[in-house]
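Notes to accompany the following structure.
Whatever order the structure lists them in is the order used to number ligands and atoms, beginning at 1.
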Amino acid sequence: MPGDLCPENDRCTLVPQMVTLTFDDAINIGNIDLYAEIFNKQRRNPNGCDIKGTFFVSHHYTNYSAVQNMHRLGHEIAAHSITHNDDESFWSDAGTEDWAREMAGSRLIIDKFSNITDNSVVGLRAPYLRVGGNRQFTMMEEQAFLYDSSITAPLRNPPLWPYTMYFKMPHRCHGNLQNCPTRSHAVWEMVMNELDRREDPTIDEDIAGCAMVDSCSNILSGDQFYNFLTHNFYRHFDQNRAPLGLFFHAAWLKNNPEYLDAFLYWVDEVLESHPEAYFITMTQVIQWIQNPVSVYSAKNYAPWQEKCSPGPRTNCLVANSCKLSTDELGGEAIRMHTCMRCPNKYPWLDDP
Ligand code: ZN
């Protein structure tokens, strides 16, 4: 466990600083270019492999040919529901069966239409971070999901390492919108540490942290965003090297080119100046926790070399563009792109 290599509050110079970039919701024409710009094959971890991200994909309007390519490039695809039901309380109250239909159903659609056959869709994130308590986590055990990444931890120093739900959570459940599980579950929690968004971190100001980067509403300029990233990176790096999670919606970067520039500048700077820093997937973090290696051995650590730096796409250069509808959506016509055969109906809850 990380504790052996890195006692709380001790400087742990042997532990790699893992960074997880995640992006939520549909993957399609609105964000494919953005992802290609961030993961541009020039940005490499200290082991020479491309930096990687984790994508929590919701079904509606997702382009499964694009998902297939992201998976081919070594990014992690995870579930974020079929409907992304915008009645937020649905998720807090949903039964185990509803959770299974949404999340196992979403995984089924991803696997089938992105031709993912390696059982690598093992994580999920609840829409609106509306954690579904014991019912959600019971479903995860029954459906063999490995981890959840929906529970937020209040801003704290040092930040938290991911934990398992075998034991009591190491922090209080945040706010009244998160329905945290109360029983023991065989599931990893890739906890969302809130980030410190103080304009001046030297002033002891009582300002709440933020979990999703786009909810850090006080960030107004590229410079501010750069300072925010730098401060939070060292808050992890200089304390216990808990993995630093940066959780995005593509639109926030897309609509604010100034933030995107600041973000990419920061990523490049970290990669240039920190041989300890690895931008990897959620599953690669879990692999490290289960089998930790020092920064010196990280360069040759096999789980972090998988799909190291794939070349250009050679298959499915032109995907099928399936014009589909389903009674479940009142006959709305939707184009679904996939390298697999077109189904007869747009996949949905009753017929994933
Ligand atoms: Zn979402």
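Taking the ring centroids of His75 and Tyr35, they lie at or beyond the 6.0 Å cut-off.
His80 and Phe56 have perpendicular rings, their planes meeting at more than 60° on a 0 to 90° scale where under 30° would count as parallel.
The Zn ion (ligand 1) has Asp25 OD1, His80 NE2, His84 NE2 as its protein N, O or S neighbours under 2.8 Å.
When each of Phe263, Tyr265, Trp266 is tested with Tyr226 by the rule ring-ring contact (aromatic ring centres under 6.0 Å, His included), just one qualifies, namely Tyr265. Evaluated for a side-chain contact (heavy atoms from CB on, under 4.5 Å) with Ile77, the options Val122, Thr281, Ile110, Thr54 yield exactly one hit, Ile110.
Asn320 is not listed as a side-chain neighbour of Ser65, based on a closest heavy-atom distance of 4.5 Å or more. At a threshold of 4.5 Å between non-hydrogen side-chain atoms, the residues Ile82 and Arg101 do not count as touching.
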